[in-house]
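First comes the structure, then the notes that go with it.
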Amino acid sequence: QVQLVESGGGLVQPGGSLRLSCAASGSIFRLNAMGWYRQAPGKERDLVASITSGGSIRYADSVKGRFTISRDNAQNMVFLQMNSLKPEDTAVYYCKAVITLYSRLSDLAYWGKGTLVTVSS
């Protein structure tokens, strides 16, 4: 079984920065696209940023220019550097990975349990 574990969330003032990390573990044959999503209370879970195995990156318009996604394929990790944080960035941030397991022929999407980011003065 695959596990995704996020870390790095917390309380930060507007304009501050946080760096989120996500580590994937398990019987991973191939780690494909990875991404960060966020969900505020009463809202849907939306894509924040994604990165393919080849390094192609996509950002939500609301975070473009402020957030940076990156990955370390050797360590099966993905990161989200968040700068110039705003109160509207407050949400639970979830890591997602599309993974090929040794025991399967097809890819499956896996989710972490989330880490809370609170931006408030």
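In this chain, numbering begins with 1 at the start of the sequence shown. Since the model is a prediction, treat every value here as computed from it, not as a measurement.
- Looking at Thr118, its side chain never comes within 3.5 Å of a backbone N or O of Leu11 through a donor-acceptor pair.
- Minimum heavy-atom separation, Val78 to Met34: CG1-CE, 3.5 Å.
- Once rounded to the nearest 0.5 Å, the distance linking CZ of Arg58 with OG1 of Thr52 reads 12.5 Å.
- For Thr90 (side chain) and Val119 (main-chain N/O), a donor-acceptor pair under 3.5 Å exists by modelled atom type.
- Between the side chain of Arg30 and the backbone N or O of Thr100 there is no donor-acceptor pair closer than 3.5 Å.
- Expressed to the nearest 0.5 Å, how far CG of Leu80 lies from CH2 of Trp36 amounts to 6.5 Å.
- Taking 4.5 Å as the limit, every side-chain heavy atom of Thr115 sits out of range of all side-chain heavy atoms of Val92.
- Annotation: side chain of Met77 is in contact with side chain of Ser21 (closest heavy-atom distance under 4.5 Å).
- Enclosure of atom CD in Gln3 is not indicated, since only 12 or fewer non-hydrogen atoms of other residues, nucleotides or ligands lie within 6.0 angstrom.
- Residues Asn76 and Ile28 form a side-chain contact, since some pair of their non-hydrogen atoms from C-beta on lies under 4.5 Å apart.
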*Apply the test side-chain contact (heavy atoms from CB on, under 4.5 Å) to residues Leu108 and Ile99: give CA-CA distance (whole Å), side-chain angles for both, the deciding distance (0.1 Å), then the verdict.*
CA-CA 5 Å; Leu108 293 176; Ile99 295 172; over 6 Å; no
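- Atom CD of Gln39 and atom CG of Leu116 lie 12.0 Å apart (nearest 0.5 Å).
- Between the side chain of Glu6 and the backbone N or O of Cys95 there is at least one donor-acceptor pair closer than 3.5 Å.
- The shortest side-chain heavy-atom distance between Pro14 and Pro87 falls under the 4.5 Å cut-off.
- With a 6.0 Å cutoff to the six-membered ring centre and a 45° limit on the axis angle, Arg19 counts as a cation-pi contact of Phe79.
- Counting heavy atoms from C-beta outward, Asp89 and Val117 have side chains that stay 4.5 Å or more apart.
- How far OG of Ser56 is from CD1 of Ile51: 8.5 Å, rounded to the nearest 0.5 Å.
- Residues Met82 and Leu47 do not share a hydrophobic cluster, defined by chaining ILVMFWY side chains whose heavy atoms lie under 4.5 Å apart.
- Hydrophobic clustering, with ILVMFWY side chains joined whenever heavy atoms are under 4.5 angstrom apart, keeps Tyr37 apart from Leu18.
- Side-chain atoms of Tyr93 and Leu20, non-hydrogen and from C-beta on, do get closer than 4.5 Å to each other.
- Judged by distance alone, the side chain of Tyr59 and the main-chain N or O of Ile69 form a donor-acceptor pair under 3.5 Å.
- No continuous path of hydrophobic side-chain contacts links Val5 to Trp111 [ILVMFWY only; heavy atoms under 4.5 Å].
- Residues Val2 and Phe29 are members of separate hydrophobic clusters, defined by side-chain heavy-atom contacts under 4.5 angstrom among Ile, Leu, Val, Met, Phe, Trp and Tyr.
- Within 6.0 Å of the CD atom in Glu88, the count of heavy atoms belonging to other residues, nucleotides or ligands exceeds 12.
- Relative to the six-membered ring of Tyr94, Arg38 misses at least one condition, a distance below 6.0 Å or an angle of at most 45° to the axis.
- For the pair Phe67/Asn83, no side-chain contact is recorded, criterion being any heavy-atom separation below 4.5 Å from C-beta on.
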*Yes or no on side chain to side chain donor-acceptor pair (under 3.5 Å) for Asn32 and Ser53, after CA distance, side-chain angles and deciding distance?*
CA-CA 5 Å; Asn32 304 302; Ser53 59; 5.2 Å; no
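- Leu31 has its side chain within reach of Arg71: a pair of non-hydrogen atoms, C-beta onward, lies under 4.5 Å apart.
- Taking all atoms of both residues into account, the shortest heavy-atom contact from Arg66 to Ser84 is NH1-O, 2.9 Å.
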